[in-house]
Amino acid sequence: MDLKINFKETKVPEYNLPDPLICLDGTKVTDKNQWFQKRRREIFDLFEHHIYGKMPGKSEKMSFEIRSINKNALKGIATRKEISVIIEKNQSEAKLDILIYLPNFQPKPIANFIFLNFYGNHSIHQDPNIMLSKQWIPKKIGYGIFKHRATEKSRGMNSSKCPVEFIIDRGYALSTIYSGDIDPDFDDGFQNGAHPLFYKKGQTKPAPDEWGSIGAWAWGLSRAMDYFETDKDIDNNRVVVMGHSRLGKAALWAGAADPRFAIVISNESGCGGAALFRRKFGETISHINYQFPHWFCENFKKYNDKEYELPIDQHMIISLIAPRPVYIGSAEKDLWSDPRGEFLSAKHADPVYKMMGTEGLKAVEMPEINQPILSTIGYHIREGEHDILKYDWERYLDFADYHFSNNP
Ligand code: GTR
């Protein structure tokens, strides 16, 4: 396995990308019908089989439990709801806790952002009334995490990534689930999290073409969507799925798989997210499978050092979202995520968006730093490091306003 790292544009290998508009039998796709009836399915199957693995659908036994409602949260500007989605199967259950803030001044039903978080729902805001997660949580110095569990000190530790009041002021609801409720982010051979619920008799781990952790996170996002469809306060035609980094990879896959998400946003999702594999710039397939063997399906390991053998590349995951709006956010110093490779994915998805009659991506060249592109495909590269900042949220809210005309 080659674990060398390239950060030089001059060392990017020459490559040819598979054409999203040419079917496996060589037919050229020229209209929407052909796309939806044939080519989209082909591409989706390839992603499922080679990269993310098949996910189960909605479970027959699923219920929603209201854990708390407070109409006077955040000094009265919001209503806070906590809902558990309970999924039962194979005599076990998975419980996903959704934390929702809804702006009180905004007419209902309200457009809603959903994202997964890294350290528990209580980590996104200091609000002392958010339930403290009881799940396994990754270690992080200064986050008040003791033996992989949250403590009172963990509240609001990740709030810099999520300006809740700002989002509420902009007239959007905000919903989040701890990714570890769906699948804790470590390699335990898929014994915890949602996977075992769906094992067939005698099965002890996912088959080579079945879901890893990213697939499970994406599946969890769709279960949140199942809940939103039952909540009259939320406009389920205006749900935005977004995610940062590994959870941005999950947001893209969720958006590709589930057309109920009206807008899809990837913040610095990099390798296995928005970046093109074939550039081998920053993180590569070998690096990611080596460090995170549980993220993708087992079949994906065949492509370590063999990106050119993959029948797809990541411009095609963006094409699966078409004609729905999609936004790719990059950061200048986040070379590990390959900002140029993220832009090029957006650019090479553009022909699919244009074929559908949308404006596609209104840029041919990569824009300058802090010069966002607002079109059906949105893109920015901002100054700074790998992170999700208020700057990024501002762009995503502007993008949602642009497509939803949601001005409070
Ligand atoms: C890194 C990983 C990236 C990205 C990042 C994150 O270690 O190599 O693919 O997912 O973690 O999630 O912050």
Side-chain angles (χ1 to χ4, degrees), residues 1-7 51-52 115-120 123-124 136-143 145 157-162 176-187 193 211-218 220-221 241-255 264-297 300-301 303-305 307 310 313-314 317 328-342 345 381-382 384-389 392-393:
M1 198 188 276
D2 181 3
L3 296 177
K4 280 199 294 295
I5 302 172
N6 175 40
F7 286 137
I51 302 186
Y52 302 102
F115 68 98
L116 299 178
N117 65 70
F118 291 76
Y119 294 100
S123 71
I124 72 143
W136 178 95
I137 293 180
K139 274 196 195 126
K140 175 103 173 167
I141 294 176
Y143 272 44
I145 296 161
M157 280 303 170
N158 225 7
S159 56
S160 69
K161 286 198 169 41
C162 187
T176 188
I177 302 178
Y178 170 45
S179 55
D181 280 5
I182 312 164
D183 191 26
D185 191 6
F186 65 95
D187 182 19
W211 56 343
S213 295
I214 292 177
W217 296 331
L221 285 163
V241 62
M242 62 126 16
H244 169 59
S245 207
R246 66 197 68 186
L247 302 177
K249 308 180 207 295
L252 278 177
W253 182 228
V264 183
I265 298 175
S266 137
N267 192 72
E268 300 156 28
S269 59
C271 181
L276 291 175
F277 291 123
R278 280 169 171 73
R279 282 172 46 81
K280 297 177 80 165
F281 186 105
E283 189 171 31
T284 63
I285 299 180
S286 294
H287 294 130
I288 209 163
N289 281 333
Y290 177 73
Q291 221 198 328
F292 306 104
H294 56 296
W295 280 3
F296 300 91
C297 71
F300 190 47
K301 297 189 174 129
Y303 298 98
N304 290 342
D305 306 332
E307 14 287 283
L310 255 182
D313 211 319
Q314 294 304 91
I317 195 170
I328 310 298
S330 306
E332 186 190 9
K333 295 208 173 123
D334 181 22
L335 295 182
W336 187 239
S337 299
D338 185 15
R340 178 169 293 278
E342 295 185 315
S345 270
I381 174 163
R382 64 152 168 80
E385 312 277 347
H386 182 70
D387 200 350
I388 175 156
L389 304 179
D392 302 306
W393 277 105

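We count ligands from 1, going down the list as the structure has it; atoms in each ligand are counted the same way.
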Which heavy atom of the protein is the closest neighbour of atom 7 (O) of ligand 1, given with residue, atom name and distance? F292 CZ, 3.4 Å
Side chain to side chain donor-acceptor pair (under 3.5 Å) partners of D313, counting only residues at least two apart: R278
Minimum-distance protein heavy atom relative to atom 12 (O) of ligand 1: R246 NE, 2.5 Å
Side-chain donor-acceptor pair under 3.5 Å between S286 and D2, yes or no? no
Counting heavy atoms only, which of E283, Q291, H386 comes nearest to atom 8 (O) of ligand 1? E283
So, does H244 sit close enough to ligand 1 that a heavy atom of it is under 4.0 Å from the ligand? no
Protein heavy-atom partner closest to atom 5 (C) of ligand 1 - residue, atom, separation in Å: S245 OG, 3.0 Å
Can you name the atoms of ligand 1, numbered from 1 with element, that are less than 4.0 Å from a heavy atom of W295? 9 (O), 10 (O)
Can you find a pair of side-chain heavy atoms, one from T284 and one from N6, that are under 4.5 Å apart? no
S345: what forms a side chain to side chain donor-acceptor pair (under 3.5 Å) with it, not counting sequence neighbours? none
Are the side chain of K249 and the backbone of C271 linked by a donor-acceptor contact shorter than 3.5 Å? yes
